[in-house]
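Here's the structure, in structure tokens; my notes come after.
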Amino acid sequence: MHPVMVCIPSFRSEDSTMEKGYTVFKIDVLMSGRQHTVEKRYSQFHTLHKMLKKIIKPPEIPSKHVRNWVPRVLEQRRQGLELYLQTIIMENEVLPKVFLDFLNIRHFPSLPKTESCGSFETESEESSKLSHQPVLLYLRDPYVLPATDDACPNVVIEGVIHGIFCPDLQPR
């Protein structure tokens, strides 16, 4: 299953006094259990397609020219645009940043189907530092412990017990 799923459940026509009417497509985006909606005009899909052609080989996009604006024709365009988005997701192991931006998806490094937003040089020094804390702290080298009756001392248990009973020690 892919970490990003999209569907276009509906569309609506908009009338504008400045220009002739246009259609807005509602895109539902589901990623990591969270869903959000974006609305895009066909012209925005067309712009995305032109940008994707520079990066990947995208599938065919439904025709730019529609002879009439009857609901049946617009429904075919909706289905075609939905298939277009789904095919991009299915055919690309790494989703281009321009595609993620189109869907208003922020970059999540833990997702295998996203690409990096920038190079290593653009990361801040603070964000690249490790933030974990050590779980065990040994006061002496566990490999240089004095010989005991056991052939192999259990250094993990000894370290855990020491950590439980000596909580005043701070990790280095």
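Keep in mind that this is a model prediction, so the values were computed, not measured.
Using a 4.5 Å cut-off on side-chain heavy atoms (C-beta onward), V24 and K40 make no contact. The shortest side-chain heavy-atom distance between L81 and F11 does not fall under the 4.5 Å cut-off. Using a 4.5 Å heavy-atom threshold, the side chains of F99 and N92 count as separate. Residues V29 and T37 fail the side-chain proximity criterion, which asks for heavy atoms closer than 4.5 Å.
Between G33 and L30, the shortest heavy-atom contact is C-CD1, 4.0 Å. A pairwise comparison of heavy atoms in G80 and P62 identifies C-CG, 3.5 Å as the closest pair. Annotation for L103 and V38: closest pair O-CG1, 3.8 Å, computed over non-hydrogen atoms.
Geometrically, K64 does not engage Y42 in a cation-pi contact defined by less than 6.0 Å to the ring centre and at most 45° from the axis.
Both I89 and F102 are assigned to one and the same hydrophobic cluster, defined by single-linkage of ILVMFWY side chains at heavy-atom distances under 4.5 Å. Cluster membership for I105 and V98, using ILVMFWY side-chain heavy atoms within less than 4.5 angstrom, is shared.
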Give every donor-acceptor pair under 3.5 Å between a side-chain atom in residues 43-59 and any protein atom, sequence neighbours left out.
{"from": "Q44", "atom 1": "OE1", "to": "R41", "atom 2": "N", "distance (Å)": "2.7"}
{"from": "T47", "atom 1": "OG1", "to": "S43", "atom 2": "O", "distance (Å)": "3.0"}
{"from": "H49", "atom 1": "ND1", "to": "Y84", "atom 2": "OH", "distance (Å)": "2.8"}

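Listed by chain and residue number, T23, L74 satisfy the side chain to side chain contact (heavy atoms under 4.5 Å, CB included) test with S13 (two or more places apart in sequence, or in another chain). Applying the side chain to side chain contact (heavy atoms under 4.5 Å, CB included) test to E60 and every residue at least two apart in sequence or in another chain returns nothing.
One distance of note links CG of N104 with CG of D101; it measures 8.0 Å at 0.5 Å rounding. Between K26 atom NZ and S10 atom OG the span is 5.0 Å, to the nearest 0.5 Å. Atom CZ of R106 and atom CG of L100 lie 12.5 Å apart (nearest 0.5 Å).
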Worked verdict on E75 versus R72 for salt bridge (Lys or Arg N to Asp or Glu O under 4.0 Å): CA-CA 5 Å; E75 174 60 20; R72 182 176 50 83; over 6 Å; no
Trace of the salt bridge (Lys or Arg N to Asp or Glu O under 4.0 Å) decision for E14 with R12: CA-CA 7 Å; E14 290 285 327; R12 72 175 192 281; 2.6 Å; yes
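Between the side chain of R77 and the main chain of S63, a donor-acceptor pair closer than 3.5 Å is present. Panel note: side chain Q86, backbone V6; a donor-acceptor pair is recorded below 3.5 Å.
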